[in-house]
Amino acid sequence: MSNILTKIQGISQLYHVSGCTDAQLEDAQNILGIKFPKDFVDYVKEYGAISFYATEWTGLNVDGYINVVEATRIEREMNEHFPSDCFVIENIGIDGLISVVNEKGQVFSLQYDRKKLVCENLSEYLDMCIARKK
């Protein structure tokens, strides 16, 4: 089991949908024109999308603002500075601040035209999200 799946499994009060299929994953990547990093692929294949401690991660097998394709397309339409190699992992919900992940798996905060590296990978970002509870 991958490190990120082990960490997600250990979250109390975790809500999730069912995992996605390979076809759903491939469709999402084709629509967005990007390749998801391994951590994200492992996560959505097992959990679809997750919510915990007032944190909601985008994913697949869900509709609306938490669907990674829909969330990313909306942000791309609204923000001309949205990086083409990224997708939305979380909408922080404060003053246009979102967290995005690039094809290498690095996580950035993005607020309009300001992009800042937050973590080197999604597993580290998960640790930050879990720590919000405290």
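All residue numbers in this chain count up from 1 along the given sequence. Basis for what follows: all heavy atoms, side chains included, without hydrogens, waters or symmetry-related copies.
In plain terms, the two heavy atoms of Gly59 and Val44 that are nearest each other are CA-CG1, 3.9 Å. In this structure, Ile11 and Leu14 approach most closely via the heavy-atom pair O-CB, 3.6 Å. In terms of heavy atoms, Ser123 sits closest to Asn3 at OG-ND2, 3.0 Å.
If you take CZ on Arg114 and OG on Ser109, they are separated by 9.0 Å, rounding to the nearest 0.5 Å. Rounding to the nearest 0.5 Å gives a distance of 10.0 Å between CD1 of Ile4 and OH of Tyr47. How far CD1 of Ile31 is from CZ of Arg73: 6.0 Å, rounded to the nearest 0.5 Å. The OG atom of Ser84 lies 9.0 Å from the CD1 atom of Ile34; values are rounded to the nearest 0.5 Å. Taken from CG in Leu110 to NE2 in His81, the straight-line distance is 9.5 Å, to the nearest 0.5 Å. Note: Cys20 SG to Glu46 CD = 10.5 Å, rounded to the nearest 0.5 Å.
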Practice prompt. Dump the intermediate steps for side-chain hydrogen bond (donor to acceptor under 3.5 Å, both in side chains) on Glu75 and Asn79, then the final yes or no.
Written response: CA-CA 6 Å; Glu75 291 298 330; Asn79 183 355; 5.4 Å; no
Item to complete: Run the numbers on Ile92 and Ser99 for side-chain contact (heavy atoms from CB on, under 4.5 Å), then give the verdict.
Response: CA-CA 7 Å; Ile92 305 301; Ser99 295; 3.8 Å; yes
Item to complete: Could you check Lys45 against Asp22 for side-chain contact (heavy atoms from CB on, under 4.5 Å), going step by step and ending with a plain yes or no?
Response: CA-CA 8 Å; Lys45 286 177 87 171; Asp22 288 335; 2.8 Å; yes
Fill in: Derivation and outcome, side-chain contact (heavy atoms from CB on, under 4.5 Å), residues Phe82 and Thr72
CA-CA 9 Å; Phe82 193 94; Thr72 302; 4.0 Å; yes
Worksheet entry | Step-by-step side-chain contact (heavy atoms from CB on, under 4.5 Å) determination, Gln9 to Leu5 | CA-CA 6 Å; Gln9 187 177 34; Leu5 295 182; over 6 Å; no
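Remark: side-chain polar atoms of Gln29 are paired, donor with acceptor, to backbone N or O of Phe36 under 3.5 angstrom. Under a 3.5 Å cut-off, the side chain of Glu77 and the backbone N or O of Ile74 do not form any donor-acceptor pair. Side chain of Thr58 to main chain of Asn67: no donor-acceptor pair is present (N/O by atom type, distance under 3.5 Å, no hydrogens or angles). A donor-acceptor pair under 3.5 Å is formed between the side chain of Asn61 and the backbone N or O of Ser18. In this structure, Glu120 contributes its side chain and Gln106 its backbone to no donor-acceptor pair below 3.5 Å.
Counting heavy atoms from C-beta outward, Phe52 and Cys129 have side chains that approach closer than 4.5 Å. At a threshold of 4.5 Å between non-hydrogen side-chain atoms, the residues Ser51 and His16 do not count as touching. In this structure, the side chains of Asp42 and Lys38 come closer than 4.5 Å at one or more pairs of heavy atoms. Looking at Leu126 and Leu122, their side chains never come closer than 4.5 Å, going by heavy atoms from C-beta outward. The shortest side-chain heavy-atom distance between Ile50 and Ile8 falls under the 4.5 Å cut-off. When side chains are defined from C-beta on, Asn91 does not count as touching Glu56, because their heavy atoms never get closer than 4.5 Å.
Checked for salt-bridge contact, Asp85 and Lys104 miss the test: no charged N lies under 4.0 Å from a carboxylate O. A salt bridge links Glu90 with Arg132: at least one charged nitrogen is closer than 4.0 Å to a carboxylate oxygen.
No single ILVMFWY cluster, assembled from side-chain heavy atoms under 4.5 Å apart, contains both Leu60 and Tyr65. Each of Leu117 and Met128 belongs to its own hydrophobic cluster when Ile, Leu, Val, Met, Phe, Trp and Tyr are linked at side-chain heavy-atom distances under 4.5 angstrom.
Heavy-atom contacts from other residues, nucleotides or ligands closer than 6.0 Å to CG of Asp63 number 12 or fewer. Within a 6.0 Å radius of CZ in Arg76, other residues, nucleotides and ligands contribute more than 12 heavy atoms. Shown here is Tyr53, whose OH atom has more than 12 heavy atoms of other residues, nucleotides or ligands within 6.0 Å.
Each of Phe87, Tyr125, Trp57 was compared with Phe40 under the ring-ring contact (aromatic ring centres under 6.0 Å, His included) criterion, and only Phe87 meets it.
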